[in-house]
Amino acid sequence: MLYTDEQREHILARLSGYRLKHTLGCEKAARKLAKKYGADPEKCAFAAILHDITKQFSREEQLNLCTQYGIIPNSVEQVEWKMLHGKTAAAIARAEYGAPEDVCDAIACHTTGRADMTLIDKIIYLADYIEETRDFEGVKTARKLANSDLDKALMYCFDSSLRDLLHRKKLIHLDTIAARNSVIEALQQLK
């Protein structure tokens with residue numbers, strides 16, 4: 001067992017309000033996707049309950065964690081500092097809860113994606129996007145795609161996120177571009 005019921009309760013006690021509901025929804029979605037696609041449901045659930053553990057932290061708190069754990073924010077993360085919560089959550093997952101590296105990697109890239117995403121990376125990214133409390137234009141399509149093809153669901157989510165970032169004139173993380181390109185290459189190899 002990766003974590004005990006006591007650890008799970010300790011993690012969840014650090015969250016409140018919407019963040020707690022979202023995390024529980026993400027855990028449920030991650031377990032479901034893991035079972036469907038042959039990933040380890042316990043690892044996926046562990047990643048899901050830890051993925052947003054630092055989401056509510058301020059910019060100063062995020063940067064302090066970066067210093068503490070040797071995380072060097074890139075130019076995009078320095079401006080869009082809320083993106084740091086994946087990396088800082090992964091650091092806490094590793095240091096405080098002994099999470100294995102594949103779980104920490106999935107937590108670290110759950111906001112941006114990355115090139116050559118593993119199965120657990122894909123599941124956590126999608127679980128975060130489609131969990132049951134999410135209610136935005138396109139989420140039903142994303143849920144439907146996630147139930148039939150992970151890579152097609154990822155493409156849909158990346159494209160939707162990129163359109164939103166462009167519309168809001170936000171910086172785009174290079175890991176998202178790399179993740180999207182990687183999925184396109186994988187889909188083209190299937191043709």
Side-chain angles (χ1 to χ4, degrees), residues 1-16 19-57 61-62 64-74 77 82-134 142 146-147 150-151 153-154 157-158 161 173 175-176 178-179 182-183 186:
M1 182 172 215
L2 287 174
Y3 58 102
T4 65
D5 289 340
E6 186 177 284
Q7 284 177 307
R8 181 179 181 275
E9 291 307 314
H10 184 266
I11 293 164
L12 295 176
R14 295 172 76 161
L15 307 170
S16 62
R19 188 63 40 212
L20 175 60
K21 290 178 186 172
H22 164 69
T23 296
L24 292 172
C26 190
E27 178 187 29
K28 183 177 175 182
R31 282 187 183 280
K32 181 180 174 185
L33 290 170
K35 289 176 185 171
K36 179 166 184 61
Y37 292 105
D40 182 332
E42 290 303 307
K43 280 188 173 186
C44 291
F46 197 27
I49 63 170
L50 285 161
H51 84 286
D52 273 356
I53 201 161
T54 63
K55 176 83 175 192
Q56 295 171 311
F57 288 12
E61 290 169 313
Q62 293 289 352
N64 286 341
L65 286 173
C66 287
T67 299
Q68 180 180 344
Y69 291 110
I71 299 165
I72 300 170
N74 66 32
E77 294 163 343
K82 290 184 179 185
M83 288 182 182
L84 289 171
H85 81 275
K87 291 180 179 180
T88 58
I92 286 177
R94 184 181 300 107
E96 294 184 26
Y97 298 101
E101 282 309 304
D102 56 349
V103 167
C104 295
D105 289 344
I107 295 167
C109 75
H110 84 271
T111 301
T112 60
R114 65 179 179 156
D116 303 316
M117 291 172 76
T118 66
L119 181 58
I120 189 173
D121 294 345
K122 292 175 182 183
I123 287 170
I124 299 307
Y125 184 94
L126 288 171
D128 182 42
Y129 198 95
I130 67 168
E131 62 86 10
E132 64 193 9
T133 70
R134 297 286 200 182
N147 282 319
L150 282 179
D151 286 338
L154 282 170
C157 295
F158 290 145
S161 294
H173 202 291
D175 285 351
T176 304
S182 184
V183 172

Of all the heavy-atom pairs spanning L12 and L20, show the shortest one and how long it is. O-CD1, 3.8 Å
Considering residues at least two apart in sequence or located in another chain, which fulfil the side-chain contact (heavy atoms from CB on, under 4.5 Å) criterion with A153? L126, L145, A146
For the pair R14 and E96, find out whether any cationic side-chain nitrogen is under 4.0 Å from an anionic carboxylate oxygen. yes
Could you go step by step and tell me if L119 and L150 meet the side chain to side chain contact (heavy atoms under 4.5 Å, CB included) rule? CA-CA 9 Å; L119 181 58; L150 282 179; 3.4 Å; yes
Rounded to the nearest 0.5 Å, what separates atom CD1 in I92 from atom CG in L65? 5.0 Å
Do H173 and N74 come close enough that some side-chain heavy atom pair is under 4.5 Å? yes
Derivation of the side chain to side chain contact (heavy atoms under 4.5 Å, CB included) call for I11 and L50: CA-CA 7 Å; I11 293 164; L50 285 161; 3.6 Å; yes
Could you give the distance from SG (C109) to CG (D175), rounded to the nearest 0.5 Å? 8.0 Å
For A30 and A127, the nearest pair of non-hydrogen atoms, with its separation, is N-CB, 3.7 Å
Would one find more than 12 heavy atoms of other residues, nucleotides or ligands at under 6.0 Å from atom CD of E101? yes
Shortest non-hydrogen contact from C26 to E131? N-CB, 3.5 Å
d(C44 SG, Y37 OH) to nearest 0.5 Å is 12.5 Å
Checking T23 side chain against R19 main chain: does a donor-acceptor pair fall under 3.5 Å? yes
Tell me, which pairs form a salt bridge (Lys or Arg N to Asp or Glu O under 4.0 Å) where one or both residues lie in residues 104-120, sequence neighbours left out? R114-D121
Are H22 and K55 close enough that some pair of their side-chain heavy atoms sits under 4.5 Å apart? no
Determine the minimum heavy-atom distance between T54 and T88, stating which atoms define it. OG1-OG1, 2.7 Å
Distance check, rounded to the nearest 0.5 Å: D128 atom CG versus T111 atom OG1? 6.5 Å
Measure the CD1-CZ distance between I107 and F46 for me, rounded to the nearest 0.5 Å. 7.5 Å
Taking all non-hydrogen atoms of both residues, which atom of V103 and which atom of I120 are closest, and how far apart? CG2-CD1, 4.1 Å
Below 4.5 Å, heavy atoms only, C-beta onward: do K122 and D151 meet side chain to side chain? yes
So which atom in A34 and which in I123 form the shortest heavy-atom distance, rounded to 0.1 Å? CA-CD1, 3.7 Å
Measure from the side-chain N and O atoms of T176 to the backbone N and O of T112, and report whether any donor-acceptor pair falls under 3.5 Å. yes
Sidechain-backbone polar pair: E9 side chain, E6 backbone, donor-acceptor under 3.5 Å: no
Candidates E61, Q62, H110, Q56 - the one meeting side chain to side chain donor-acceptor pair (under 3.5 Å) with H85: H110
Please tell me if the side chains of C66 and L84 come closer than 4.5 Å, counting only heavy atoms from C-beta onward. yes
If you measure from CD on E132 to CG on L24, what distance do you get to the nearest 0.5 Å? 9.0 Å
If the threshold is 4.0 Å, N to carboxylate O, is there a salt bridge linking E42 and R31? yes
Are I53 and Y97 close enough, and set up right, to give a side chain to side chain contact (heavy atoms under 4.5 Å, CB included), and what steps lead you there? CA-CA 12 Å; I53 201 161; Y97 298 101; 4.1 Å; yes
